[in-house]
Amino acid sequence: QVQLVESGGGSVQAGGSLRLSCVVSGGTFSSKCIAWFRQAPGKEREGTASIHTTTGPTTYAASVKGRFTISRDNAKNTLYLEMNNLKPEDTAMYFCAAKTAPGGSCSMRASAYNYWGQGTQVTVSS
């Protein structure tokens, strides 16, 4: 059973930075799509960034492109989300999610992923 554990959330002021981590265990890290999603109260869960753990293509939502960077460390079975120039509208619970995938670009539809972490809260104040 694949397990994902997020960390690194917190409270920052607008313009600040945070780095989220997601440790993946219970299965092979390779040949997977792993994505970061976020969900604010009263809103739908939205994908922010995705990456393939073997072939490496990344995808970003328009709202975070240029500010967020997704990366992976295969030796540590860990996914990262570097978030810079944070805005109050980035406030949400952030989740990492995974699915087995042979290659190619990775979806950012929540319904495509079958393994989820418990989430880490990010709060950005103005």
Side-chain angles (χ1 to χ4, degrees):
Q1 180 75 5
V2 176
Q3 294 183 322
L4 301 94
V5 179
E6 304 96 333
S7 62
S11 297
V12 296
Q13 290 192 326
S17 299
L18 283 172
R19 188 176 81 156
L20 306 183
S21 299
C22 173
V23 178
V24 182
S25 62
T28 59
F29 191 72
S30 61
S31 297
K32 283 188 169 56
C33 282
I34 305 185
W36 285 99
F37 291 83
R38 66 186 182 185
Q39 188 166 21
K43 294 189 176 181
E44 291 188 358
R45 191 168 294 191
E46 66 166 337
T48 61
S50 66
I51 189 169
H52 193 278
T53 58
T54 301
T55 59
T58 57
T59 303
Y60 293 94
S63 58
V64 306
K65 200 167 187 178
R67 300 188 297 122
F68 290 13
T69 302
I70 190 170
S71 62
R72 70 195 194 284
D73 185 335
N74 288 34
K76 296 182 178 179
N77 286 6
T78 301
L79 181 77
Y80 302 100
L81 186 68
E82 185 76 34
M83 305 186 295
N84 297 314
N85 190 22
L86 283 161
K87 303 176 181 181
E89 51 264 42
D90 294 319
T91 295
M93 185 72 79
Y94 283 71
F95 301 87
C96 64
K99 65 168 185 171
T100 299
S105 60
C106 296
S107 169
M108 289 204 293
R109 291 181 296 109
S111 60
Y113 290 80
N114 49 357
Y115 301 107
W116 289 84
Q118 83 289 348
T120 186
Q121 178 68 37
V122 171
T123 303
V124 185
S125 58
S126 57

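We use all heavy atoms of the structure for the numbers below, so side chains are in, but hydrogens, waters and symmetry mates are not. What you are looking at is a predicted structure, and each value in this text was computed from that prediction instead of being measured.
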Are any side-chain N or O atoms of [X] and backbone N or O atoms of [Y], one a donor and one an acceptor, separated by less than 3.5 Å?
{"X": "S50", "Y": "C106", "answer": "yes"}
{"X": "N74", "Y": "T53", "answer": "yes"}
{"X": "T120", "Y": "S7", "answer": "no"}
{"X": "Q13", "Y": "S126", "answer": "no"}
{"X": "E82", "Y": "T69", "answer": "no"}
{"X": "Q39", "Y": "M93", "answer": "no"}
{"X": "S63", "Y": "A61", "answer": "no"}
{"X": "T78", "Y": "V23", "answer": "no"}

Could you check if a side-chain atom of [X] sits within less than 4.5 angstrom of a side-chain atom of [Y], using non-hydrogen atoms only?
{"X": "L86", "Y": "L18", "answer": "yes"}
{"X": "R19", "Y": "L81", "answer": "no"}
{"X": "T91", "Y": "Q121", "answer": "yes"}
{"X": "L79", "Y": "I70", "answer": "yes"}
{"X": "K99", "Y": "Y115", "answer": "no"}
{"X": "R38", "Y": "E46", "answer": "yes"}
{"X": "Y94", "Y": "M83", "answer": "yes"}

**Message:** Once you measure the plane-to-plane angle for F37 and W116, does it fall in the parallel (<30°), tilted (30-60°) or perpendicular (>60°) bin?
**Reply:** tilted
Distance (rounded to the nearest 0.5 Å) between [X] [atom1] and [Y] [atom2]:
{"X": "F95", "Y": "L20", "atom1": "CZ", "atom2": "CG", "result": "12.0 Å"}
{"X": "C96", "Y": "E6", "atom1": "SG", "atom2": "CD", "result": "4.0 Å"}
{"X": "N84", "Y": "R67", "atom1": "CG", "atom2": "CZ", "result": "9.0 Å"}

**Verdict with reasoning, F68 to D90, per side chain to side chain contact (heavy atoms under 4.5 Å, CB included)** = CA-CA 11 Å; F68 290 13; D90 294 319; 3.9 Å; yes
**Request:** Would you please test W36 and C22 for side chain to side chain contact (heavy atoms under 4.5 Å, CB included) and show each step?
**Result:** CA-CA 9 Å; W36 285 99; C22 173; 3.6 Å; yes
Looking at [X] and [Y], what are the two nearest heavy atoms and their distance?
{"X": "A101", "Y": "H52", "answer": "O-NE2, 2.9 Å"}
{"X": "C33", "Y": "Y113", "answer": "O-CE2, 3.5 Å"}
{"X": "S17", "Y": "V12", "answer": "O-CG1, 4.0 Å"}
{"X": "K32", "Y": "V2", "answer": "CE-CG2, 4.0 Å"}

**Request:** Please check if I51 and M108 belong to a single hydrophobic cluster, counting links between Ile, Leu, Val, Met, Phe, Trp and Tyr side chain heavy atoms closer than 4.5 Å.
**Result:** no
**Asked** Which is it for R72 and I34 under the side chain to side chain contact (heavy atoms under 4.5 Å, CB included) test, yes or no, and what are the steps along the way?
**Response** CA-CA 9 Å; R72 70 195 194 284; I34 305 185; over 6 Å; no
